[in-house]
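Heads up: the structure comes next, in structure tokens.
Order of the sequence lines fixes the chain letters, A, B, ..., with proteins taken first and strands second; residue numbering starts at 1 for each chain. All heavy atoms count here, side chains included; hydrogens, waters and symmetry mates do not.
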There are 2 protein chains.
Amino acid sequence: MTTINDIARLANVSRSTVSRHLNKNGYVSQEAQERIDKVIKETGYLPSQSAQSLRTKKTGVVGVILPKISTETASRVVDGINQVLQENDYQMLLTQTLLQKEKEIAFIKLLQSRNVDGIILLGTNTDEALVEEIQKADVPVVVLGQEMPGTTSIHYPDYKATAEMISYMIDKGYRDISFIGVAEDDPAVGIMRKEAYLATLKQHNLPFLAERIAYGDFSIDSGYHAMETIMNQTTKPDAVFVVTDNMAVGAMQYLKENHYHIPEDIGIATTGVSRLSKYIEPVLTTIDFRNEEAGTAITRLLMEQLNGYKKTKKLTHTYRRLSGNSL
Amino acid sequence: MTTINDIARLANVSRSTVSRHLNKNGYVSQEAQERIDKVIKETGYLPSQSAQSLRTKKTGVVGVILPKISTETASRVVDGINQVLQENDYQMLLTQTLLQKEKEIAFIKLLQSRNVDGIILLGTNTDEALVEEIQKADVPVVVLGQEMPGTTSIHYPDYKATAEMISYMIDKGYRDISFIGVAEDDPAVGIMRKEAYLATLKQHNLPFLAERIAYGDFSIDSGYHAMETIMNQTTKPDAVFVVTDNMAVGAMQYLKENHYHIPEDIGIATTGVSRLSKYIEPVLTTIDFRNEEAGTAITRLLMEQLNGYKKTKKLTHTYRRLSGNSL
DNA sequence: TACGAAAGTGGAATCGATTCCATATCGAAT
DNA sequence: ATTCGATATGGAATCGATTCCACTTTCGTA
């Protein structure tokens with residue numbers, strides 16, 4: 001590796017001069033600039049980020065913590081994040097928790113020791129310990145997907161969107177709607193969406209049956225089994241709302257294997273739009289949270305913080321409903 | 001930020017002693033260890049990666065260069081990569097080229113200036129300039145998806161798998177198979193797969209018609225238009241092989257919009273298995289390159305190199321065919 | 001002609017770690 | 001009693017940059 005000292009020596013200047021030239025601050029004569037540029041080109045010199053960031057406390061790296069990259073939702077968010085980071089000359093250090101909550105905290109620490117300039121967390125919970133760790137952090141942390149106390153965050157309109165979808169299903173004529181949710185340690189997906197489901201049924205004076213609800217853990221498999229549980233009851237629902245697309249895939253698989261027709265025998269709706277779901281039968285009716293835009297939005301908020309903006313902001317992301325023929 | 005100097009001062013030892021304790025090399029008395037541990041716990045001290053890597057020339061970070069993260073193929077590979085990296089306490093710096101070739105070279109440089117310990121490149125071409133840049137790199141670079149001269153790489157069995165799929169289609173009774181490919185600057189996907197298609201037709205004494213071939217650029221849209229081009233000819237094929245799943249989605253969209261039935265009017269086969277494609281009609285017949293395993297495999301090769309193994313290895317990844325009802 | 005500001009440059013300290021080397025203590029073996 | 005190896009510790013150099021400061025030269029203007 002060639003270093004700034006090599007460049008200085010070869011160009012017959014001091015390393016202060018090289019640095020001044022590279023950073024375009026201070027005075028450097030035309031001739032010196034040319035000699036330096038020439039040597040840099042010849043050697044292919046690249047400044048060491050480690051050394052630079054030791055001095056400047058800036059790495060140009062943003063840490064991203066997410067549950068699992070190979071889901072359509074997450075990878076779209078990452079696309080959005082990456083877009084804004086690239087515009088601002090930041091790189092992305094990516095970590096996956098695989099839904100182990102303790103890893104979120106561990107990664108916040110780890111990323112800081114890696115001297116990232118900021119952290120974007122795709123949130124799955126708002127546990128006390130996590131909130132605390134975020135407060136303690138000495139770099140800005142922004143959160144997407146949960147309303148995190150005391151932290152700049154963007155959350156999805158979980159309640160509103162779910163309520164609207166359930167209403168829509170009722171308008172379509174469904175009267176016995178079942179629900180596949182997730183555990184309640186996820187406030188956004190676990191609590192808000194379920195509450196919206198329950199409240200909307202009530203509002204329309206529809207009865208609520210405990211056996212119409214089953215839970216999964218975000219995986220396809222768990223969606224399959226939740227659907228199975230629901231359909232194994234003595235009476236069967238005429239529709240199902242699944243809180244995540246991944247679980248909806250599992251639910252559909254169960255329905256298909258057991259020869260239920262969608263939407264004649266049972267209607268299905270979910271959140272999250274898949275690349276494929278538009279093109280293949282049945283076209284899923286879903287709530288599209290426009291994850292890519294959410295990714296760019298949360299990253300812009302982080303950029304604001306990196307540029308010195310201090311106040312915490314809370315935003316709600318927008319969404320749209322995509323109508324397919326699964327209802 | 002607390003530094004090693006703070007720890008040393010608070011624990012009443014020199015910073016050499018703290019370092020020795022942290023790295024478990026050299027002698028440190030029991031009492032000193034305890035005092036140091038206590039102070040570290042109290043302060044929440046984390047060593048600065050920048051400083052460490054400036055001294056040790058190791059960052060514990062691996063750079064990953066890929067075309068686009070929000071594709072099923074890429075995100076599955078990343079999953080595999082991440083798994084092995086995590087096992088080995090490495091983090092991942094992720095970059096996207098969005099299929100701009102010059103960015104591959106730019107990122108190789110950039111990642112080096114960020115002092116990554118190694119680079120994993122999901123290859124899209126084997127251009128001279130790229131090969132050169134890889135040779136020049138002073139960290140190990142491994143490549144997935146292309147057979148890169150002089151570099152450790154794993155490539156997919158593009159020729160064999162494609163030939164086998166075309167044969168399978170012929171066995172199924174299709175006699176007029178069309179082909180949606182990509183530009184030939186991608187040796188693996190652009191050249192090998194097309195050659196396999198042509199050779200297999202010839203081998204079965206089937207005629208080849210130039211108008212049965214169209215090209216896309218990996219995007220859904222381009223698959224749509226390629227399919228459109230093919231179906232707008234005076235005679236129509238009875239099947240199509242699409243070289244990537246993303247383009248296959250576009251092709252299917254075209255077929256669906258124009259009321260062709262799959263597989264009655266036209267059969268379709270592709271590579272790459274989507275989470276969804278198994279569950280929704282029609283179930284796609286595809287070549288599954290098992291991207292996640294490919295990701296773990298290439299990462300293990302990189303780990304070997306990081307541990308001092310010098311020789312370059314060339315491996316071919318395995319695959320399997322998944323039969324659906326799209327043929 | 002003189003003087004102060006602008007232009008140009010290098011020296012040295014610094015960031016936060018690691019690591020080599022010198023030094024000191026102590027117990028065991030000769 | 002002396003010596004030697006093991007244990008324990010701190011000092012100082014170093015990694016590759018940035019940045020402050022001091023110093024010199026140049027130049028326009030009073």
Side-chain angles (χ1 to χ4, degrees), chain A residues 1-37 39-40 43-61 89 109-117 138-139, chain B residues 1-37 39-40 43-61 89 109-117 138-139:
Chain A
M1 276 300 280
T2 62
T3 74
I4 196 172
N5 291 303
D6 302 328
I7 303 301
R9 190 169 29 78
L10 293 171
N12 259 306
V13 291
S14 76
R15 79 166 162 272
S16 335
T17 304
V18 178
S19 175
R20 251 178 279 123
H21 175 47
L22 253 35
N23 295 290
K24 299 186 212 310
N25 51 19
Y27 299 109
V28 180
S29 67
Q30 195 59 45
E31 304 89 67
Q33 298 201 16
E34 280 160 13
R35 272 178 324 202
I36 294 172
D37 284 336
V39 172
I40 287 181
T43 56
Y45 163 73
L46 287 172
S48 151
Q49 252 299 152
S50 309
Q52 284 184 320
S53 65
L54 177 58
R55 265 305 306 232
T56 62
K57 309 286 157 209
K58 298 252 148 280
T59 53
V61 173
D89 283 320
K109 288 188 187 152
L110 177 86
L111 288 170
Q112 287 186 78
S113 90
R114 290 219 177 277
N115 303 103
V116 298
D117 293 342
D138 39 27
V139 297
Chain B
M1 276 298 281
T2 63
T3 74
I4 196 172
N5 291 303
D6 303 328
I7 304 300
R9 189 168 30 77
L10 294 171
N12 259 307
V13 292
S14 75
R15 78 166 164 273
S16 335
T17 304
V18 177
S19 176
R20 252 178 278 123
H21 175 47
L22 254 34
N23 295 290
K24 299 187 212 307
N25 51 21
Y27 297 108
V28 181
S29 67
Q30 195 60 43
E31 305 87 68
Q33 298 201 18
E34 280 160 12
R35 269 176 320 189
I36 294 172
D37 283 337
V39 172
I40 287 180
T43 55
Y45 164 73
L46 287 172
S48 149
Q49 252 298 151
S50 309
Q52 284 184 320
S53 65
L54 177 58
R55 265 304 307 230
T56 62
K57 308 288 158 207
K58 298 253 149 279
T59 53
V61 173
D89 284 319
K109 288 189 187 151
L110 177 86
L111 289 170
Q112 287 185 77
S113 90
R114 290 219 177 276
N115 303 103
V116 298
D117 293 343
D138 39 28
V139 297

Rounded distance (Å) that lies between atom [atom2] of [N] and atom [atom1] of [X]:
X      : N       : atom1 : atom2 : result
N25(A) : dA7(C)  : CG    : C1'   : 14 Å
L46(A) : dG16(D) : CG    : C1'   : 13 Å
K24(A) : dT19(D) : NZ    : C1'   : 18 Å
N12(B) : dA8(D)  : CG    : C1'   : 15 Å
R20(B) : dG11(D) : CZ    : P     : 11 Å
R35(A) : dG8(C)  : CZ    : P     : 12 Å
L22(B) : dT18(C) : CG    : C1'   : 11 Å
Y27(A) : dT19(D) : OH    : C1'   : 16 Å

Closest-nucleotide mapping onto DNA chain C: is R15(A) or A32(A) further toward the 5' terminus? I mean the 5' end.
A32(A)

On DNA chain C, does the nearest nucleotide to L54(B) precede the nearest nucleotide to T17(B) from the 5' side, or the other way round? Give the residue.
L54(B)

Please classify the nucleic acid contact of [X] as base, sugar-phosphate, or nothing, using heavy-atom distances under 4.0 Å.
X      : value
S16(B) : base
S19(B) : base
V18(B) : nothing
S48(B) : sugar-phosphate

Does [X] have a side-chain nitrogen or oxygen under 4.0 Å from the phosphate oxygens OP1 or OP2 of [N]?
X      : N       : answer
N23(A) : dT19(D) : no
K57(A) : dG16(C) : yes
Q52(B) : dT18(C) : yes
T56(A) : dA17(D) : no

Begin with the C-alpha distance, continue with both residues' side-chain angles, and end with the deciding distance and a verdict on side chain to side chain contact (heavy atoms under 4.5 Å, CB included) for D6(B) and R9(B).
CA-CA 5 Å; D6(B) 303 328; R9(B) 189 168 30 77; 2.9 Å; yes

Given [options], the nucleotide with the shortest approach to the side chain of [X]:
X      : options                   : answer
S14(A) : dG10(D), dA17(C), dG10(C) : dG10(C)
A51(A) : dT18(D), dG16(D), dT9(C)  : dG16(D)
I4(A)  : dG16(D), dA17(C), dC15(C) : dG16(D)

Heavy-atom check, side chain of [X] versus side chain of [Y], under 4.5 Å:
X      : Y       : result
V61(A) : Q49(A)  : no
T59(A) : R114(A) : no
T17(B) : R20(B)  : yes

Donor-acceptor side-chain pairing of S19(B) and S16(B) below 3.5 angstrom
no

Within the 3.5 Å criterion, strictly below it, is a donor on N115(B) or S50(A) matched to an acceptor on the partner's side chain?
yes

Can a donor-acceptor pair under 3.5 Å be found between the side-chain atoms of R55(A) and the base atoms of dG16(C)?
no

